Amino acid sequence: MNIIRSLSEMKKWSQSLRKAGRTIGFIPTMGALHEGHLSLVAQARSQADATVMSIFVNPIQFGPAEDFRRYPRPLEADCAKAAGAGCDVVFVPQKSDMYPERYCTFVTVEDLSGRLCGASRPAHFRGVATVVLKLFNIVTPDIACFGQKDAQQVIVLRRMAEDLNVPVTIKVCPTVREADGLAMSSRNAYLTPAERAAAPVIYKGLQAARALYDKGERKAVRLSQIIEEHYRTAPLIKKEYIEIVDTISLHPLAAVASTALVAAACRTEESKTRLIDTIVLGGSL
Ligand code: PAF
């Protein structure tokens with residue numbers, strides 16, 4: 001496996017691969033890799049000739065009071081995991097190359113970026129869309145794989161790729177979970193033992209909503225209510241939002257007529273960790 005740090009070298013590698021008629025699968029990450037990331041590698045490998053993973057903790061998607069500085073950066077262990085999963089390249093760009101002095105171009109996906117997580121993280125999706133477009137331009141992938149847990153991210157990036165005519169297919173892969181149902185996330189490492197023990201309630205609430213939906217309930221208010229009831233039983237887990245929205249526009253739905261995204265965000269009481277999880281009812285993303 002190659003570790004490439006320079007933007008020009010990464011571009012050269014991709015160009016030579018494309019010249020040879022081979023396709024590229026891409027997994028953009030911020031490192032601190034877990035099984036969820038490795039499942040994206042497996043997906044990319046099954047659909048493309050070569051697999052590139054980027055590892056870059058993107059400063060512009062973090063708010064001023066967020067965890068950019070303390071975000072875990074176990075680069076050596078990450079490279080070993082990426083190699084074990086069969087990546088051909090790990091691309092590790094430097095901050096000074098991605099955002100040199102005088103950098104001032106940003107991508108804003110209007111409307112979608114202000115909804116759900118965007119309400120409390122106002123610059124987050126602008127930072128995500130900007131870095132992912134830059135990475136797409138450098139790596140030139142045919143497909144790019146993202147996890148369903150970050151459903152809003154996928155929906156924002158699909159819109160960005162479509163609106164800006166980026167020739168990439170965005171694949172959504174199922175959320176990988178711990179044995180007790182907690183969605184895998186690099187941020188789970190911040191949880192105190194008591195928060196970790198309580199955190200599975202986030203998915204349990206979503207599963208209860210699915211069970212109610214399977215019994216025929218379609219009213220969004222009833223489905224949200226049952227999730228909220230679960231969250232109220234866990235004092236260490238504070239709800240930020242529970243929303244039932246359209247999977248393309250992210251507009252709230254009064255009732256689930258076809259496909260709906262059920263999204264929840266919580267903040268833990270002790271370590272102040274923000275955890276999100278999602279399910280899709282009546283279809284897929
Ligand atoms: O999901 C993430 O890890 C990040 O938001 C991404 C897509 C790598 C952009 O920095």
Side-chain angles (χ1 to χ4, degrees), residues 7 10 25-41 43-44 51-63 66-75 78-79 81-82 85 87 89-95 97-99 103 105-109 112-113 115-118 120-139 141 143-161 164 166 168-176 183-190 263 265 273-278 285:
L7 274 54
M10 185 67 244
F26 180 43
I27 304 105
T29 81
M30 298 204 300
L33 302 181
H34 50 67
E35 288 300 320
H37 295 111
L38 304 183
S39 78
L40 302 179
V41 176
Q43 167 89 355
T51 303
V52 177
M53 172 188 281
S54 63
I55 298 182
F56 179 61
V57 184
N58 174 36
I60 68 166
Q61 71 185 71
F62 290 80
E66 291 182 1
D67 54 343
F68 174 66
R69 277 170 173 277
R70 71 165 175 154
Y71 200 86
R73 291 165 171 86
L75 187 59
D78 282 348
C79 288
K81 285 180 190 170
C87 282
V89 171
V90 170
F91 175 44
V92 191
Q94 299 307 297
K95 193 171 126 191
D97 291 333
M98 290 296 275
Y99 303 114
Y103 187 92
T105 304
F106 298 90
V107 180
T108 304
V109 181
L112 293 179
S113 295
R115 295 180 179 276
L116 307 181
C117 291
S120 65
R121 307 187 75 192
H124 175 67
F125 290 107
R126 170 187 187 256
V128 170
T130 301
V131 79
V132 171
L133 182 59
K134 284 171 68 69
L135 292 167
F136 282 173
N137 286 336
I138 296 161
V139 176
I143 66 160
C145 300
F146 296 87
Q148 192 211 281
K149 174 176 79 72
D150 302 313
Q152 183 176 12
Q153 169 166 281
V154 173
I155 291 163
V156 165
L157 292 174
R158 273 207 175 131
R159 169 69 31 225
M160 184 266 291
L164 298 181
V166 185
V168 64
T169 301
I170 291 182
K171 301 270 176 198
V172 188
C173 305
T175 303
V176 178
M184 288 200 185
S185 161
S186 308
R187 289 192 168 99
N188 292 350
Y190 300 151
T273 304
R274 197 164 176 283
L275 297 175
I276 61 174
D277 204 348
T278 59
L285 288 187

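In this text the structure is predicted, and so the values were computed from the model without any measurement. Atoms within a ligand are numbered from 1 in the order they appear, just like the ligands themselves.
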Less than 3.5 Å apart, N/O on ligand 1 and N/O on the protein: could you list those pairs with the distances?
unit_1: ligand 1; atom_1: 1 (O); unit_2: Gln153; atom_2: OE1; d: 3.4
unit_1: ligand 1; atom_1: 1 (O); unit_2: Gln153; atom_2: NE2; d: 2.8
unit_1: ligand 1; atom_1: 5 (O); unit_2: Gln61; atom_2: NE2; d: 3.0
unit_1: ligand 1; atom_1: 5 (O); unit_2: Gln153; atom_2: OE1; d: 2.7
unit_1: ligand 1; atom_1: 10 (O); unit_2: Gln61; atom_2: OE1; d: 2.6

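- Formation of a donor-acceptor pair under 3.5 Å by the Gln152 side chain with backbone atoms of Arg115 is found in this model.
- Scanning both residues, Phe68 and Phe62, for their nearest heavy atoms gives N-CD2, 3.3 Å.
- Across all their heavy atoms, Cys145 and Ile143 have their closest contact at SG-CD1, 4.1 Å.
- Using a distance-only test at 3.5 Å, with no hydrogens or angles considered, a donor-acceptor pair links the side chain of Arg73 to the main chain of Arg69.
- Closest approach of Tyr190 to Pro72, counting heavy atoms only: OH-CD, 3.6 Å.
- Under the rule for a side-chain hydrogen bond (donor to acceptor under 3.5 Å, both in side chains), the partners of Asn58 that lie at least two apart in sequence or sit in another chain are Gln61, Tyr99.
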